[in-house]
Amino acid sequence: MKDVRLFDTGFSAGEGLARFAQAVPDAGGIVSFVGKVRAEQDVKALELSHYEPLTLPGMEALADRALERWALDGLMIWHRVGIMQPGAPIVLVSAGARHRRDAFEAVDFAMDHLKSDAWFWKRERRSDGWHWIEPRGQDHNDLSRWDILTEQD
Amino acid sequence: MKDVRLFDTGFSAGEGLARFAQAVPDAGGIVSFVGKVRAEQDVKALELSHYEPLTLPGMEALADRALERWALDGLMIWHRVGIMQPGAPIVLVSAGARHRRDAFEAVDFAMDHLKSDAWFWKRERRSDGWHWIEPRGQDHNDLSRWDILTEQD
Amino acid sequence: MSVRVLFLGKLSDLAGAERDMDAPLDWAGLLENLPAGAKALVEGEKVRLALNGTLLADKTALQAEDGSEIALLPPVSGG
Amino acid sequence: MSVRVLFLGKLSDLAGAERDMDAPLDWAGLLENLPAGAKALVEGEKVRLALNGTLLADKTALQAEDGSEIALLPPVSGG
């Protein structure tokens, strides 16, 4: 079971989680991550832009890699694009598995790759206008964990 | 924010997740684990027994350790006891944090300790009667990961 | 003048969920009052003992007074 | 006879979201048509190029025909 979507309007994380739980009734464990626009001082809005011909196929390929690498009953990746207010959900990733370790690692893997390796560009609107958010070093460290694990497989 | 509870009747994982999300409005990321009774061949019911004078204080202490060790906005640990049918939720752990890595590690840590280090005893009812579930080697491996990390702190 | 003894997990199959024993009760007295199967397990290092809700570091140092509660705790179940 | 060129992320601040350029278009032709600020970034190794939805391994080998879409992709945003 694979459910990969891009939304250009808001989605309900609660409804997504409930839908996923129903779709994987035999999973003994479900790990989920919900990411929201942080309510930071002076951030009025966040815009996530993307290049659709790469973004959605990239998310599908990411889901396929996770489904191949871990023993999962299902994987859901929902991602917002467009302009969002603080507190709005940006991303929802859920994995259901027989063993919780598989579900944890699959969600962690998907989030690391969505954050650093997916075709999204972010900018924030502050009182003095829009500001692009640059790549972060931590994300590349997060990603490289998986490469090391791959070499050891 | 800390919400640690034992339930002797069923709880709704969806309601718990929704309540937690409302309780940590400033968390940029929420990681959750929902564990259910596995629908396995010939398992009619699962009974979880506990020793309350140790179990609940143990869960509180576990939550306190996680809140101390990671930068969290909140942590929820809900656990069932009693007799459950296949598909029923047993455990719900959610952590909200500014940085997703903290939330992932806190939930993973809490689950490893709940599974191997908390005062719960499980038995399954099969067609030929009740069977106690013994400790598993994997759980002790999972736990020892955290001890190694502690030594390195 | 009694001590309540609780048997958790599979110890309850061997000794019942709980028994009352005469107070005061020490380690030797506890073992004397257990059925053979439960006694063998309780003597082993894997079974922990809590007195009035607190784990004893050395269960053989048990000294239970009237009204006390002893819990005998086998290893917890895995995942 | 034109090629559509899309500018993602902060490249859109320097060159607008999209421009049409004359077809056929190669790497040298693309650079010639960019404003100076965007040109410097696009020439750098961190900006990737997709032709009709496929990333080019070597962007300097670009050969775009009439009706093609080029996307210029700066590094994606972190966390």
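Owing to the predicted nature of the structure, the values given are computational and were not obtained by experimental measurement. Naming convention: chains lettered A, B, ... in sequence-line order (proteins, then strands); numbering from 1 in each chain. Atom set for the values below is all heavy atoms of this structure, side chains included, hydrogens, waters and symmetry mates excluded.
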[X] atom [atom1]: more than 12 heavy-atom contacts under 6.0 Å:
| X | atom1 | value |
| --- | --- | --- |
| Arg5(B) | CZ | yes |
| Glu52(A) | CD | no |
| Glu40(A) | CD | yes |

**Request:** Between chain B and each of Gly35(A), Pro89(A), Gly29(A), Ser32(A), count heavy-atom pairs under 4.5 Å; write down the option with the most.
**Result:** Ser32(A)
Under 4.5 Å from a heavy atom of chain B, the part of [X] involved:
| X | answer |
| --- | --- |
| Ala13(A) | neither |
| Val93(A) | neither |
| Ile30(A) | both |
| Ala18(A) | neither |
| Ala21(A) | backbone |

**Request:** Let me know if Val37(B) has heavy atoms under 4.5 Å from chain A in its side chain, its backbone, both or neither.
**Result:** neither
**Message:** Report which part of Ala103(B) has an atom under 4.5 Å of a heavy atom belonging to chain A: side chain, backbone, both, or neither.
**Reply:** neither
**Message:** Would you compute the distance between atom CG of Asp26(B) and atom NZ of Lys36(A) and round it to the nearest 0.5 angstrom?
**Reply:**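 One finds 8.0 Å between CG of Asp26(B) and NZ of Lys36(A).
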**Prompt:** Quick one: does Arg38(B)'s side chain have a donor or acceptor within less than 3.5 Å of a partner on Arg98(A)'s backbone?
**Reply:**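 The answer is yes, because a donor-acceptor pair under 3.5 Å joins these two groups.
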**Item:** Within-4.5 Å side-chain heavy-atom neighbours: Glu105(A) and Asp108(B)
**Value:** no
